[in-house]
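Written out below as structure tokens is the structure these notes cover.
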Number of protein chains: 2
Amino acid sequence: MILKNLSIDCVIFGFKDNKLNVLLWQAEPELLQKYLISKEEYQQLKEIFEKNPALKSDKYWGLIGTHLPVEEDLDVYAKKILEVATGLKGIYLKQFRTFGDAGRIPHMRVLTVAYYALINPEYHNLELSPIAKAVRWFDIDQLPEVIFDVKEIILKALKTLREEVKYHPVGFHMLPDKFTLTELQTLYEVILDKKLDTRNFRKKIQNMGLLVDTGEKQTNVAHRAAKLYSFDLEIYHQLREEGLNFSI
Amino acid sequence: MILKNLSIDCVIFGFKDNKLNVLLWQAEPELLQKYLISKEEYQQLKEIFEKNPALKSDKYWGLIGTHLPVEEDLDVYAKKILEVATGLKGIYLKQFRTFGDAGRIPHMRVLTVAYYALINPEYHNLELSPIAKAVRWFDIDQLPEVIFDVKEIILKALKTLREEVKYHPVGFHMLPDKFTLTELQTLYEVILDKKLDTRNFRKKIQNMGLLVDTGEKQTNVAHRAAKLYSFDLEIYHQLREEGLNFSI
DNA sequence: ACAAAAGTGTTGAACATACACCCATGT
DNA sequence: ACATGGGTGTATGTTCAACACTTTTGT
């Protein structure tokens with residue numbers, strides 16, 4: 001059985017073409033049934049879709065998520081949704097708010113527990129997880145038409161991410177394992193939506209002790225090849241726990 | 001109708017006797033019905049109480065909150081619960097997490113949207129809001145026996161408050177309108193659970209521009225009377241929005 | 001040789017930390 | 001006069017912001 005008045009949704013952020021992107025989908029109960037829910041749950045879900053034509057439309061996009069089966073833990077299930085939808089494990093995921101205004105969804109009373117996730121778009125192939133009619137990345141500044149209050153949820157996620165990123169070094173999750181300092185800086189500039197001073201940025205980042213020089217360099221670039229860094233997982237976890245004044 | 005699988009609960013923090021306290025209650029459906037829910041909802045609530053003897057016990061304490069009526073907005077209703085339970089308006093209230101593990105409450109599947117609130121215990125009289133069998137302040141270090149996962153929720157609220165208080169000047173909500181710098185410092189020491197240097201603390205706080213010298217002083221104290229300050233609401237709101245590096 | 005991005009250091013200002021004594025008030 | 005907590009300043013080290021040129025690589 002699924003809880004009809006409760007959904008879990010993920011705002012999945014990715015850093016792509018030097019822009020902050022969000023992964024949205026057009027869900028389809030038939031496909032969800034394959035991976036995430038049981039047969040009876042599928043029947044219930046279908047009813048919900050019947051009630052809201054917007055859910056079935058080709059025009060509107062929604063957050064990746066679904067209703068919560070009674071026997072599932074909230075956080076565990078959110079992780080499961082993400083894994084199924086992206087094919088990736090160990091994604092950075094954070095519950096950031098529950099949306100519950102009475103009128104937010106027509107004809108139904110649904111609360112949405114919202115999470116945001118940070119991933120690197122290069123690391124997964126959307127073709128490989130055909131769990132929806134359509135799945136696509138959208139530039140955060142050029143969102144398509146979305147269902148219900150999804151836009152509000154995305155904006156709140158963004159706001160929360162901006163706060164988070166100021167004090168905790170979470171940005172790394174959106175980069176490949178090996179990255180250049182310029183990529184890292186661009187990421188921060190995009191998230192915070194402001195220019196940062198290159199020299200000061202590098203000094204600060206390097207003083208954190210989080211970066212590991214891999215000894216490798218970029219290849220095939222028409223300019224001086226940048227060093228590739230990875231980051232020290234152990235120190236990362238330590239810094240995350242302690243809170244730290246990261247303060248970019 | 002109330003949503004049986006959804007509750008709203010508030011971790012109410014107060015600063016009392018130089019300790020951080022939490023307001024807990026022992027709820028009673030009969031009394032809730034007077035202020036917060038309708039007659040049919042009362043019937044539903046009674047069933048829930050029947051299922052869980054712990055809810056009716058005199059031994060266990062719980063968070064102030066109840067199930068959500070279908071027609072109510074989440075945040076609005078949380079505020080309403082608080083107002084009814086404390087008799088105070090305009091309380092600082094923040095949704096911090098939704099708890100939803102499958103096994104957290106016996107025999108039932110309930111998600112709890114948890115809020116924390118900051119109030120000044122002197123400003124309300126618990127006798128005046130007889131909405132529960134019992135309502136009482138508990139030192140955060142000496143919690144009584146609590147129902148379900150309430151302890152976990154309180155600890156998570158505390159952790160979130162500690163983070164919040166580091167970067168946003170929210171502590172003021174727990175003080176009287178006029179307070180001394182020593183009171184403010186003690187509050188921060190209690191929340192953060194560490195000693196702060198008086199001179200440095202005063203410098204920092206005063207440089208924030210948030211404090212207004214009321215011109216008044218303590219009276220009837222057996223030592224030099226301390227100046228009373230209030231804080232500048234306008235600058236406060238500005239600082240809250242901008243995020244600011246408060247960083248005590 | 002040129003275009004394009006990588007990489008690097010210094011200085012002055014602001015802020016953080018550490019630390020010890022006198023002051024005002026009530027009893 | 002004494003006990004109690006209120007209130008203050010300085011020196012040192014650290015961190016932040018502002019700023020411009022040289023290096024490496026591919027074409």
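Naming convention: chains lettered A, B, ... in sequence-line order (proteins, then strands); numbering from 1 in each chain.
Taking atom CD1 of Ile205(A) as the reference point, atom P of dT15(D) lies 15 Å away to the nearest angstrom. Remark: P of dA5(C) and CD of Glu189(A) are 14 Å apart, rounded to the nearest angstrom. What separates CZ of Phe201(B) from C1' of dG6(D) is a distance of 14 Å, to the nearest Å. Taking atom CD on Gln218(B) and atom P on dG26(C), their separation rounds to 10 Å, with Å as the unit. Here dT15(D) presents its P atom at 14 Å from CG of Asn200(A), a figure rounded to the nearest Å. In this structure, Glu216(B) places its CD atom 17 Å from C1' of dG6(D), rounding to the nearest Å. dG6(D) atom P lies 14 Å from atom CZ of Phe179(B), rounded to whole Å. In this structure, Lys194(B) atom NZ and dA16(C) atom P are separated by 13 Å, rounded to whole Å.
Without hydrogens or angle criteria, Thr214(B) side chain to Leu228(B) main chain gives a donor-acceptor distance under 3.5 Å. Judged by distance alone, with hydrogens and angles left aside, the side-chain atoms of Asp197(B) form a donor-acceptor pair with the main-chain N or O of Asn200(B) at under 3.5 Å. Proximity of a side-chain donor or acceptor of Arg136(B) to a complementary backbone N or O of Trp25(B) within less than 3.5 Å is not detected.
Considering only side-chain atoms of Ala226(B), the nucleotide from dG26(C), dG6(D), dA16(C) that sits closest is dG6(D). Nearest to the side-chain atoms of Arg224(B) among the listed nucleotides dG9(D), dG7(C), dG6(D) stands dG6(D). Picking from dA6(C), dC23(C), dA18(C) the nucleotide with the shortest atom distance to the side chain of His223(A) gives dA6(C).
In this structure, Thr182(B) reaches the dG6(D) phosphate: one of its side-chain N or O atoms is under 4.0 Å from OP1 or OP2. Distances shown here put every side-chain N or O of Lys203(B) at or beyond 4.0 Å from the OP1 or OP2 atom of dT17(C). OP1 or OP2 of dG7(D) lies within a sub-4.0 Å distance of a side-chain N or O belonging to Arg202(B).
Each of Thr198(A) and Ala222(A) lies near DNA chain C, and the nucleotide nearest Ala222(A) is the one positioned closer to the 5' end. Between Asp197(A) and Ala225(B), it is Ala225(B) whose nearest contact on DNA chain D lies nearer the 5' terminus.
You'll find the ring centres of His173(B) and Phe15(B) outside the 6.0 Å limit.
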**Item:** Full working for salt bridge (Lys or Arg N to Asp or Glu O under 4.0 Å) between Asp75(A) and Lys80(A)
**Value:** CA-CA 9 Å; Asp75(A) 289 4; Lys80(A) 194 163 160 186; over 6 Å; no
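Between the side chain of Arg199(B) and the base of dA16(C), no donor-acceptor pair of N or O atoms lies under 3.5 Å.
Residue contacts shown for Asn207(B) are absent, as no nucleic acid heavy atom lies under 4.0 Å away.
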